[in-house]
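Notes follow the structure.
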Amino acid sequence: MAQNITQKLIQSHLVDGEMIADEEIALKIDQTLCQDATGTLVMLELEAMGLERAKTELSAQYVDHNLVQEDYRNADDHLFLQSAAQRFGLWFSRAGNGISHPLHMQFFGKPNKTLLGSDSHTCAAGAIGMLAIGAGGLEVAMAIVGQPFHLKMPRIIGINLIGKLPDWVSAKDVVLEMLRRKGVKGCVNCVIEYYGPGLKYLDVWDRHVIANMGAEMGATATVFPSDDVTREFLKTNQRVQDWVELLADKKAQYDLNDTIDLSQLEPLIAKPSSPGNVVPVREVKGHDLFQAYIGSSANPGYRDFAIAALIVKDKRISTNVSFDINPSSRNILEELANEGLLSNLIHSGARIHQAGCNGCIGMGQAPATGRNSLRTVPRNFPGRSGTKEDSVFLCSPETATASALTGVITDPRELNFAYPKVKAPQKNIINKDMFQPPLPLENAGKIKLIKGPNIKSLPKLKPFPNDLQLTVLLKVNDNISTDEIMPAGARVLPYRSNIPKISEFIFENIDETYANRAKEFNDKKQQHAIVGGENYGQGSSREHAALAPKYLGLELVIAKSFARIHRDNLINFGVLPLSFDNPEDYQLIKQNDVIVIKDVISLLKKGHELIAKIESQNKEITLKHTLSKRQIDVLKEGGLINWVKRA
C-alpha cells in the first residue's frame with residue numbers, strides 16, 4: 001500500500017500499537033534535544049532514575065534560553081547542565097553557541113530518524129525529513145533512558161505546494177498563511193506533511209521556518225521530504241554521508257488535504273496577541289513602530305539575516321525604532337561578518353545581540369508598554385516578550401526590516417528599490433569545536449553533578465486520590481498559553497530548577513492572587529481544580545506549567561479542549577485533565593464552586609465518561625477523558641516517575 005512520508009517514519013519506528021488514528025502508539029526515539037529552560041528538570045529526572053549512560057543514538061543539551069546572567073542562578077545552572085551532559089553521555093552546546101533547533105539540524109539531524117525534544121519547536125527538524133516532536137521534559141528523560149515515546153496516532157494533513165514565491169515574500173509568509181487557514185488549534189494531534197512542485201524553490205532553511213511554526217497550529221510534527229535539496233544542505237555541512245532519500249509514494253494519500261499556491265502569497269502579519277491573528281501587512285500599514293526584531297528559531301537561516309543586511313545597506317534605521325538583531329548561531333554571525341553584511345547592519349543603527357533565543361522568550365529586549373514591536377519570532381502570546389502590556393506582531397524579515405527603515409508598519413513591496421538577491425556565503429562556517437562531545441563511559445562515571453544553591457530536588461508526588469472534592473480556585477478563557485500559566489523571561493526562568501520558588505509566579509498575569517490562595521489551601525491539605533476554555537495550555541512544552549501548579553495542590557483541570565503537550569505533562573505529574581462533554585457546561589462552573597467525583601480511577605478504567613457534581617449548585621455534569629490504559633496507571637501512581645519506579 002502506498003505510504004506518505006509520515007507513515008513511513010512512524011512504521012519504521014513503531015514498537016507498540018497500531019497505526020489507527022487516535023489510538024496510542026509507541027515509537028523508538030533515535031535522538032533527543034534539551035534546552036536550558038527545560039533541561040535542568042530533565043537532568044534532575046535522569047539523576048532520580050539512576051541513569052548511567054544515555055541509550056539514544058545521540059542526545060544533546062543546549063544552552064540558548066537563559067543567557068542573561070543578572071546573578072548566579074543562570075551561571076550555576078549552566079555549570080550543572082554541563083556536568084550532567086558529561087555524566088550522562090550527552091553532547092553539550094554552551095552559552096553563546098546558538099539556538100538549539102538550527103544547530104541540531106545543522107550538526108546532528110538525520111533524515112529518516114526520530115527526534116524528541118523538551119522544546120515545542122523541536123518540530124523544526126522535520127525540515128530535513130525527520131519525525132521531530134516536542135514533548136515535556138519527563139517524556140524526553142524517558143527517551144534518554146531508552147524508553148519509547150507514547151502518543152496518539154496522528155492524522156496526516158497533506159499540503160501541496162505549487163508555484164514560486166514572488167519578490168518580498170518569503171517562507172515566514174507561507175507558515176503565516178497556514179496559520180491564517182488553520183488557526184492555533186487546527187492541527188492538534190496531526191502531522192503536517194508538505195509536498196509538491198513548489199518544494200524545489202524552498203531550501204532547507206526555508207523549510208525550517210515553516211516546520212518550526214507547525215507548533216503554533218498545535219501540530220504533533222511537520223514533515224518535509226528528504227530530497228536533493230536536503231542532500232545539498234548536508235553536503236554543504238560536510239555530512240553528505242548522513243543523507244538518505246525519503247519521499248512519499250506516488251499514490252500516497254492523506255487524511256486531510258490542502259494546496260498553497262506560493263505565487264499568490266503576499267506579505268502577511270500576525271497581529272497581537274496570537275499567532276493565528278493573521279492579516280495582510282497592507283491592512284495594518286502605517287501604524288507607528290517602536291521595535292523591529294530579527295532572529296529566533298522561526299527565522300534562523302543565513303538568508304534571514306542577509307536579506308535584512310542588504311535592505312538596510314547604506315541606509316539608516318528610523319530614529320524611533322530599536323532594530324534588534326539576534327543571530328541564531330555563532331556560525332551565522334561569523335558568516336555575516338565575513339561577507340561584510342554585519343557591518344551593513346551595524347552602520348544602519350542595528351543593535352547586535354549574542355546568539356541565542358533572547359527576546360523571543362522575554363530574555364531581554366522587552367518592548368515599551370503598549371508600543372508596537374514587529375518580530376520574526378514564532379509567538380506573540382500576551383506578556384511573552386517580557387512586557388505585560390505588550391503589542392507584538394509576527395512577520396517576515398522583509399516586513400520587519402522595511403518597517404524599521406520607515407518607522408511605521410510597512411508592506412515591503414512599497415519600498416522604492418529592487419528586491420535584493422541573497423547569495424550563499426563564500427565560506428560556510430562549520431565550527432563544531434563549540435560543542436563538547438560525550439565523555440567515554442569510564443570517565444563519565446567519575447563526574448559529579450555541580451549543583452548551585454538554586455537547584456532543588458524534584459518534589460515527591462503522592463498517588464492520585466480515589467475520591468475528589470475540589471474547590472475551583474481559577475477559571476480562565478480560551479487559548480490560555482503555558483506562558484500565561486508559567487511566565488517566561490529574565491525574572492522567572494532563572495528559578496526553573498527550583499519548583500517551590502517558581503510556583504510563586506503561576507498565573508500571575510491572569511490572577512496574581514492564585515499562587516497564594518493555592519498555597520493556603522495546600523497548607524491545609526486541601527487540593528483544588530482549575531477550569532479552562534478551548535486549547536488550554538497551548539505553546540511552550542515547559543513542564544513547569546504542570547509541575548508548579550501540582551506542587552501547589554492542583555489535582556484536576558476541566559477544559560473544553562487541551563493542547564497536546566500540556567495535556568500529557570499534566571498526566572505525567574499526576575494531574576487529571578478532563579473535558580466537557582457539553583461545552584456549554586463551561587458556563588455553569590464558577591470560581592469557588594466545589595467539584596465532587598467519586599471513585600475516579602475505577603470510572604476512568606470503565607469508560608470515557610464521568611459524572612461530576614457541582615456540589616455548591618447541586619448540579620451534575622458529564623465530563624470525558626482520552627487517557628489510555630497506560631496513562632491511567634501513570635495517573636494512579638501520582639505521575640510518570642512514580643510509575644517508572646514501581647514498574
Side-chain angles (χ1 to χ4, degrees), residues 29-67 69 72-110 113 115-119 122 125 134-147 329-330 355-357 431-452 454-458 493-494 496-497 541-543:
I29 297 301
D30 300 316
Q31 298 185 358
T32 68
L33 168 161
C34 294
Q35 38 90 338
D36 50 310
T38 56
T40 48
L41 281 187
V42 174
M43 298 306 143
L44 289 170
E45 288 155 358
L46 295 178
E47 181 188 29
M49 288 187 272
L51 177 69
E52 283 298 314
R53 184 78 169 180
K55 293 181 169 58
T56 49
E57 294 177 10
L58 181 143
S59 288
Q61 170 66 59
Y62 298 84
V63 175
D64 59 4
H65 276 57
N66 290 354
L67 301 180
Q69 295 175 209
Y72 64 90
R73 292 179 178 86
N74 283 341
D76 281 0
D77 281 1
H78 297 167
L79 288 175
F80 168 68
L81 290 171
Q82 184 177 24
S83 67
Q86 292 177 305
R87 172 65 186 82
F88 299 127
L90 282 66
W91 284 84
F92 181 73
S93 176
R94 58 186 172 180
N97 200 23
I99 301 171
S100 60
H101 309 300
L103 285 175
H104 198 90
M105 187 176 78
Q106 183 177 10
F107 288 98
F108 301 120
K110 294 182 180 181
K113 296 289 185 179
L115 169 66
L116 194 69
S118 61
D119 187 289
T122 300
L138 190 49
E139 300 273 20
V140 176
M142 294 294 291
I144 294 172
V145 302
Q147 294 296 310
S329 73
R330 192 187 303 269
C357 297
N431 185 2
K432 202 172 181 179
D433 291 340
M434 293 298 100
F435 289 89
Q436 185 173 4
L439 289 175
L441 180 59
E442 58 271 19
N443 296 334
K446 301 173 185 177
I447 297 295
K448 302 295 183 183
L449 297 183
I450 301 172
K451 293 184 180 181
N454 188 48
I455 294 181
K456 307 296 181 184
S457 298
L458 290 172
L493 284 181
R496 62 201 176 276
S497 52
S541 69
R542 69 180 75 106
E543 56 195 348

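Numbering of residues begins at 1 and proceeds along the displayed sequence. For the numbers below, each heavy atom of this structure counts, side chains included, while hydrogens, waters and symmetry mates do not.
Rounding to the nearest 0.5 Å gives a distance of 11.0 Å between CG of Leu90 and CG of Leu439. Rounded to the nearest 0.5 Å, atoms CG (Leu79) and CG (Leu81) are 9.0 Å apart. With rounding to the nearest 0.5 angstrom, the CG atom of Asn431 is 10.0 Å from the OG atom of Ser329. Considering CG of Leu138 and CD of Glu543, their distance stands at 6.0 Å, rounded to 0.5 Å. In this structure, CD1 in Ile29 is found 12.0 Å from CE in Met142, a value given to the nearest 0.5 Å. Atom CZ of Arg94 is separated from atom CD of Gln436 by 8.5 Å, given to the nearest 0.5 angstrom.
Using a 4.5 Å cut-off on side-chain heavy atoms (C-beta onward), Asn74 and Arg496 make contact. The shortest distance between side-chain heavy atoms of Phe88 and Ile447 does not fall below 4.5 Å. Here the side chains of Glu52 and Arg87 are in contact, with some heavy-atom distance below 4.5 Å. With a 4.5 Å cut-off on side-chain heavy atoms, Ile455 and Leu44 count as touching. Considering only heavy atoms from C-beta on, Leu116 stays 4.5 Å or farther from Thr122 through its side chain.
Between the side chain of His78 and the backbone N or O of Leu67, no donor-acceptor pair lies under 3.5 Å. With hydrogens and angles disregarded, no donor-acceptor distance shorter than 3.5 Å links the side chain of Ser118 to the backbone of Gly39. Remark: the backbone N or O of Cys357 is not paired with any side-chain donor or acceptor of Asp64 at under 3.5 angstrom. In this structure, the side chain of Ser83 engages the main chain of Ile450 through a donor-acceptor pair within 3.5 Å.
Here the shortest heavy-atom pairing between Ala84 and Leu449 reads CA-CD2, 3.5 Å. Residue Met43 comes nearest to Cys34 through the heavy atom pair CE-SG, 4.5 Å, listed as atom of the first residue, atom of the second, then distance. Between Arg53 and Ala444, the shortest heavy-atom contact is NH1-CB, 3.7 Å. Closest heavy-atom contact between Phe435 and Leu103: CZ-CB, 4.2 Å. In terms of heavy-atom proximity, Ala54 sits nearest to Gly89 at CB-O, 4.1 Å. The two residues Ala75 and Gln69 come nearest to each other via the heavy atoms CB-NE2, 3.7 Å.
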Side chain to side chain contact (heavy atoms under 4.5 Å, CB included) between Thr38 and Arg542, worked out: CA-CA 6 Å; Thr38 56; Arg542 69 180 75 106; 4.1 Å; yes

Lys110/Gln31 under side chain to side chain contact (heavy atoms under 4.5 Å, CB included): CA gap, chis, key distance, verdict: CA-CA 9 Å; Lys110 294 182 180 181; Gln31 298 185 358; 4.2 Å; yes

Side chain to side chain contact (heavy atoms under 4.5 Å, CB included) evaluation trace for His104 with Leu58: CA-CA 11 Å; His104 198 90; Leu58 181 143; 3.8 Å; yes

Check against side chain to side chain donor-acceptor pair (under 3.5 Å), Thr40 and Asp77: CA-CA 7 Å; Thr40 48; Asp77 281 1; 5.0 Å; no

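For Tyr72, the side-chain contact (heavy atoms from CB on, under 4.5 Å) partners are Asp76, Pro453, Asn454, not counting sequence neighbours. Not a single salt bridge (Lys or Arg N to Asp or Glu O under 4.0 Å) links Glu45 to another residue, sequence neighbours left out.
Salt-bridge annotation for Glu57 and Lys113: present, with a side-chain N of the basic residue lying under 4.0 Å from a carboxylate O of the acidic one.
Aromatic ring orientation, Phe108 versus Trp91: tilted (interplanar angle from 30° to 60°).
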